[in-house]
Amino acid sequence: MRVYAEPVGELQANTVAAMQLWANAFRCRELSMTLTSDSTQADIIMRNPPVLPPAAGAVVVAADSVGACRGVTQFDTLNTALDAPMHAYVSPVSTDSVAVAGCYHFVTAHELGHALGLLSHSPDVADLMYPQPRRRLLTPADRVTIQQLYHTTPTIGPPP
């Protein structure tokens, strides 16, 4: 999977850390991601706009974390198919730069989880995929969820 991270602030560093976090959820390296410098060649595009984009025309899954930043992942659907690339955004809400920097760590990882296919949120506040994530580490439940997703025969595919 090719991931483009906009070269703004710490977004690339946070994206690389999040890619490693999710790849390490697998023992046999079933998930492979590379950072690309060309957004037109990416399967996932990570951006850092000053405000989140409007949700019109796309399915949106979002995180709002500790009030310092927000994230959203958008993807187009065509019938029962996901149309790549996925677009994930992380934006500041607070003016506290330290709080925003901390929030960006786990919201970037959370949004990358959505872009990898975890399209719903966890009900457990401890999980990274909880709607308001508070940590960047994967819990056993996060690991099991991504493993089940990648080890289950898909019922949707790319558009024709």
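What's counted below: heavy atoms across the whole structure, side chains too, no hydrogens, waters or symmetry copies.
Taken from CE in Met19 to OG in Ser32, the straight-line distance is 8.5 Å, to the nearest 0.5 Å. Taken from SG in Cys103 to CZ in Arg134, the straight-line distance is 9.5 Å, to the nearest 0.5 Å. Rounded to the nearest 0.5 angstrom, Leu137 CG and Leu21 CG are separated by 7.0 Å. The OG1 atom of Thr34 sits 8.5 Å away from atom CG of Asp43, with the distance rounded to the nearest 0.5 Å.
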Exercise for the section: Quick one: do Val72 and Arg70 satisfy side chain to side chain contact (heavy atoms under 4.5 Å, CB included)? Show the steps, please. Expected result: CA-CA 7 Å; Val72 65; Arg70 289 199 172 106; over 6 Å; no
Handout entry: Steps toward side chain to side chain contact (heavy atoms under 4.5 Å, CB included) verdict (Val90, Asn14)
Key = CA-CA 11 Å; Val90 182; Asn14 286 334; over 6 Å; no
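Residue Val51 belongs to no hydrophobic cluster, having no ILVMFWY side-chain heavy atom closer than 4.5 Å to its own.
Every residue two or more places apart in sequence or in another chain was checked for a salt bridge (Lys or Arg N to Asp or Glu O under 4.0 Å) with Arg143, and none qualifies. Under the side chain to side chain contact (heavy atoms under 4.5 Å, CB included) criterion, Pro7 pairs with Tyr4, Gln12, not counting sequence neighbours. For Asp127, the side chain to side chain donor-acceptor pair (under 3.5 Å) partners at least two apart in sequence or on another chain are Ser122, Thr139.
Annotation for Val107 and Pro133: closest pair CG2-CG, 4.3 Å, computed over non-hydrogen atoms. The minimum heavy-atom distance between Met86 and His114, with the atom names listed, is CE-O, 4.2 Å. Here the shortest heavy-atom pairing between Leu149 and Leu116 reads CD2-O, 3.8 Å. Here the shortest heavy-atom pairing between Trp22 and Leu118 reads CH2-CD1, 3.5 Å. Minimum heavy-atom separation, Pro123 to Tyr130: O-CE1, 3.7 Å. Here the shortest heavy-atom pairing between Ser94 and Asp96 reads OG-N, 2.9 Å.
Hydrophobic clustering places Leu35 together with Met1 (ILVMFWY residues linked when any side-chain heavy atoms are closer than 4.5 Å, directly or through intermediates). Residue Ile45 is not grouped with residue Tyr104 when hydrophobic side chains (ILVMFWY) are merged at heavy-atom distances under 4.5 angstrom, including chains of intermediate members. At a threshold of 4.5 Å between side-chain heavy atoms, the hydrophobic network of Ile, Leu, Val, Met, Phe, Trp and Tyr places Tyr150 and Val3 in one connected group. Residues Leu128 and Val16 share a single hydrophobic cluster, defined by chaining ILVMFWY side chains whose heavy atoms lie under 4.5 Å apart.
Gln20 has its side chain out of reach of Met33: every pair of non-hydrogen atoms, C-beta onward, lies at least 4.5 Å apart. The closest side-chain heavy-atom distance from Ile44 to Thr15 is not below 4.5 Å. Using a 4.5 Å cut-off on side-chain heavy atoms (C-beta onward), Arg135 and His105 make no contact. The shortest side-chain heavy-atom distance between Phe26 and Ile146 falls under the 4.5 Å cut-off.
Residue pairs meeting the salt bridge (charged side-chain N to carboxylate O under 4.0 Å, His left out) criterion with at least one member in residues 8-19, sequence neighbours excluded, do not occur. For residues 19-41, the set of pairs meeting the salt bridge (charged side-chain N to carboxylate O under 4.0 Å, His left out) definition, not counting sequence neighbours, is empty.
For the pair Gln74 (side chain) and His87 (backbone), a donor-acceptor distance under 3.5 Å is absent. Remark: side-chain polar atoms of Arg47 are not paired, donor with acceptor, to backbone N or O of Glu6 under 3.5 angstrom. The backbone N or O of Phe106 lies less than 3.5 Å from no partner atom in the side chain of His110, so there is not a single donor-acceptor pair. At least one donor-acceptor pair closer than 3.5 Å links the side chain of Gln147 to the backbone N or O of Ala25.
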